[in-house]
Each structure stands twice: as C-alpha cells, then as structure tokens.
2 protein chains.
Amino acid sequence: MFQVPTKTQYAIRALVHLVRHSAASAGAIAEAEHISPKYLEGILAQLKAAGLVVSDRGRMGGYRLTRNPFTIPMLDVVKAMEGEVRLVECVGEGGACFAASGCLPRKFWLGLKQTVDTYLTSVSLGDIAEVDSSEGIPSVADRPASQTQIKE
Amino acid sequence: MFQVPTKTQYAIRALVHLVRHSAASAGAIAEAEHISPKYLEGILAQLKAAGLVVSDRGRMGGYRLTRNPFTIPMLDVVKAMEGEVRLVECVGEGGACFAASGCLPRKFWLGLKQTVDTYLTSVSLGDIAEVDSSEGIPSVADRPASQTQIKE
DNA sequence: TTAAAATCATACTAAACCGATAGGAATTTA
DNA sequence: TAAATTCCTATCGGTTTAGTATGATTTTAA
C-alpha cells in the first residue's frame, strides 16, 4: 500500500544526483537517471519552488542544492512533492467525522502518521546519498568541479 | 502523502463495527457508518476473501469476524485491501534498477516500509475498536443466531 | 552578434485508478 | 412464496498520473 508516486521517487533520485555532482542540468540528470527530461523539468521546478534547489538559467545553467544535504530531512523532500502529509481526511483539525463509532480509527491513523513523520525526519538527503558528511557541502555554489569526485 | 484509500478506511470502520456488534448485514453497517451500501458489499467481499470475516447468506444473513479482534494485526487488514505493501517498485526482489546511482534510495524505502510494517503489526483491530479485550470474542463462528444481536 | 544550451511556462493527452452505481442471480428464512 | 440478504459482473464519471508538445526567455560561448 501507500505506493509512493513515481514523481517523488524521481525527485529523490534527482536530488541524490545533485548531492553527488554538486550541480547539473535537467538534461544531464535525466540522462543519468533514466527519467523523461521534460517530466523531470517540472519536478525540478517544484523542488525549486520549495526552496530545496536553486537554478541558473541559460547556457551552462543547471540546478544546485541550497543547503548541506545533511540538513535536509527527507520529510522536506516528500512535502515538497506531495504537500502536507495527510494520510486520512479526518486527521486534520475540524474533522467532521460521519462514522457512527465517533471515528475510533482516528487515533490509529494519527499514530501511523506520527510514525512515518518521525522516520522521514530522522533520515536526511545526505544519508541517502551515502556521501561523506564532512565533504558534502556542495551548496555554496562555487565548489571547484575538479575536486568533486563523481565516484559513480 | 500516502493518502490512504477511502476503501481501506471504509474496511476498517466496517470491521470496527463488527467488533462492536458481533454481527451485522452490509446494509446495517453501511447505514451506521454512512458508506455507500453497494460499495461496501465489495469491500466486505474482499475482507471475506482474505479470511477476516465470514458471511451468512439469505435472510437474517450478514457478516462476522472469524477471529478475536485482538489477534488481528492491522497489517492484515491493510494487506487484505491493498495487497502486499510495496512502497516502491525496486523494493521487491530482483529489482532491476535503472538509476545511475545504483538505487541508493532503496535502503531508505526499505526502512520506511519496515517502520510502517512494524507499526501496523503492533496495533490490532481490537485496540482500535476500544473494546474490552476480555469480552470481545465473537469469532467462534457458531454463535447462536438467536443470541446474535443485530442491534440496529 | 549570433547560435546553442539551458530554464521557464503552459497546455495537452492517454492511461490508470477510484469511488460509486446498476442490475440482477442465488440463497436463506420467516 | 416473499422479503432480505449475499454474491456476481459490468459500467461510469471524475481525478490523478506520467509523460509529451510547443515554444518563450535567458545566458554563455564562439
């Protein structure tokens, strides 16, 4: 259950790529990750809107992370793609619940949401990319491409 | 994210109803829980196929749980409705992964699945129904129909 | 200055999924 | 025998999803 949308999976793979390459164009990422280029453009736009990446237009342009990947909990990524995590309608605030049982399952769903949120907060993008936490500070834009190890 | 399908939510509410009423017809459950009756029929059929409930046809028929609700982990319910939990394609076995990064996110998804599974296993249907664990033993199939209270 | 490479913007599409409905056949009991 | 029920199968409209199409805008490099 809870099939994770392809879009979100793509977003994560794109971000991992950015962690490991410091900067890259949509086309480059698409090719490396086997994602439809045009589709990926939209995903990157979303990530940008969420403030996770920044872009440079024009020739030689591309995308970069805005923060150290170890400061980006995966929950942020997921939220960027899917909006606020809401497993179930009535988990929100003024949930007018029609269930005769007074919405007994609500606690259950809240517990599940809590569990998922905790996990997603505990893992960072840096963790996933499996990059050394001491080096991976690409963000600051102008890291020398020479230094960057693209250890495939 | 991970919006839980209405169908699954309905299933849980129906089961909670069965815990609290011992037995009930699809129509009765539908009315009490404000669920489309015909739609609910299909849901109950699925629950039956999964062995969670049993049915009596004909007049005075209806549905009953097959087990003590405290022995039914919610994971079983979810699986009954949505099949095996598979958050992501490549979490399966021979996942041929096209990602250049060798599917780095895989561990992440596996961890999430593990987290969710653990939670869903730790909570039982009985817990949700908030019924006294000493009484709620409808299961044993052959409870006298006369005795069976289809109270409303 | 110009052409290529890139982001950005917008609209469209085909397919799948989802919640629900329709119409009955089969079964059981009062 | 009639009513109440489960069971079976098909269909439907709406939404989402993954992807495509087209082109405008921006920037750099030659």
Side-chain angles (χ1 to χ4, degrees), chain A residues 1-14 18 21 23-50 52-64 66 81-83 86-89 98 141-142 145, chain B residues 1-14 18 21 23-50 52-64 66 81-83 86 88-89 98 144-146 148 150 152:
Chain A
M1 71 162 183
F2 305 157
Q3 172 80 4
V4 177
T6 305
K7 185 185 248 186
T8 301
Q9 300 179 45
Y10 286 171
I12 293 174
R13 278 160 56 188
L18 286 181
H21 294 77
S25 69
I29 301 173
E31 189 174 13
E33 296 290 333
H34 295 87
I35 302 172
S36 157
K38 275 301 195 181
Y39 191 45
L40 181 60
E41 275 189 23
I43 291 169
L44 287 166
Q46 240 176 297
L47 292 175
K48 182 185 178 182
L52 292 177
V53 303
V54 85
S55 65
D56 298 310
R57 298 186 67 165
R59 198 158 186 192
M60 292 287 97
Y63 297 86
R64 287 170 287 127
T66 54
M81 299 313 294
E82 314 189 16
R86 177 191 304 183
L87 292 166
V88 153
E89 211 49 45
F98 294 103
D142 42 26
Chain B
M1 72 161 182
F2 305 156
Q3 172 80 3
V4 176
T6 304
K7 185 184 247 186
T8 302
Q9 299 180 45
Y10 286 170
I12 292 173
R13 278 159 58 186
L18 285 180
H21 295 76
S25 69
I29 300 174
E31 189 174 11
E33 295 289 334
H34 296 87
I35 301 172
S36 159
K38 274 301 198 179
Y39 191 45
L40 182 59
E41 276 189 22
I43 291 170
L44 287 166
Q46 242 177 295
L47 293 174
K48 182 184 178 183
L52 292 177
V53 303
V54 86
S55 65
D56 297 309
R57 299 186 66 167
R59 199 157 187 194
M60 292 289 100
Y63 296 86
R64 289 170 286 127
T66 54
M81 299 314 294
E82 314 189 18
R86 176 191 304 185
V88 152
E89 212 48 47
F98 293 104
S146 55
T148 308
I150 308 191
E152 193 223 357

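Below, read A as the first sequence line, B as the second, and so on, with proteins coming before strands; counting in each chain starts at 1.
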Inset, instruction - To the nearest 0.5 Å, tell me how far A:Gln9 CD sits from A:Glu33 CD. - result: 12.0 Å
Legend entry - Interatomic distance where CD belongs to B:Gln3 and P belongs to C:dC17 [whole Å]: 17 Å
Legend entry - Closest non-hydrogen atom pair between B:Thr66 and B:Val53, with its separation: CG2-C, 3.6 Å
Legend entry - Per-nucleotide protein contact string for nucleotides 22-30 of chain C (B base, S sugar-phosphate only, - none; heavy atom under 4.0 Å): -BB-BBBBS
Inset, instruction - Could you check whether A:Ala45 gets within reach of a base, just the sugar-phosphate, or nothing at all, counting any heavy atom under 4.0 Å? - result: nothing
Legend entry - Spacing of B:Met81 atom CE and B:Thr6 atom OG1 [to the nearest 0.5 Å]: 11.0 Å
Legend entry - Test side-chain contact (heavy atoms from CB on, under 4.5 Å) applied to A:Ala45 - qualifying residues, sequence neighbours left out: none
Inset, instruction - Answer yes or no: does a side-chain N or O of B:Thr6 lie under 4.0 Å from OP1 or OP2 of C:dC18? - result: no
Legend entry - For B:Ser55, side chain to side chain donor-acceptor pair (under 3.5 Å) partners two or more places apart: B:Lys48
Inset, instruction - Indicate yes or no: at least one non-hydrogen side-chain atom of A:Asp56 is less than 4.5 angstrom from one of A:Arg64. - result: yes
Inset, instruction - Only counting residues at least two apart or in another chain, list the ones meeting side chain to side chain donor-acceptor pair (under 3.5 Å) with A:Gln46. - result: A:Lys7
Inset, instruction - Pick base, sugar-phosphate or nothing for A:Gly42, based on heavy-atom distances below 4.0 Å to the nucleic acid. - result: nothing
Legend entry - First encountered from the 5' end of DNA chain D, between B:Leu44 and A:Pro37: B:Leu44
Inset, instruction - Go through DNA chain D in 5' to 3' direction and return only the first and the last nucleotide with some atom under 4.0 Å of chain B's heavy atoms. - result: D:dA3 to D:dC8
Legend entry - Results of side chain to side chain donor-acceptor pair (under 3.5 Å) for A:Lys38 - residues two or more places apart only: none
Legend entry - N or O in side chain of A:Tyr39 less than 4.0 angstrom from C:dC12 OP1/OP2: no
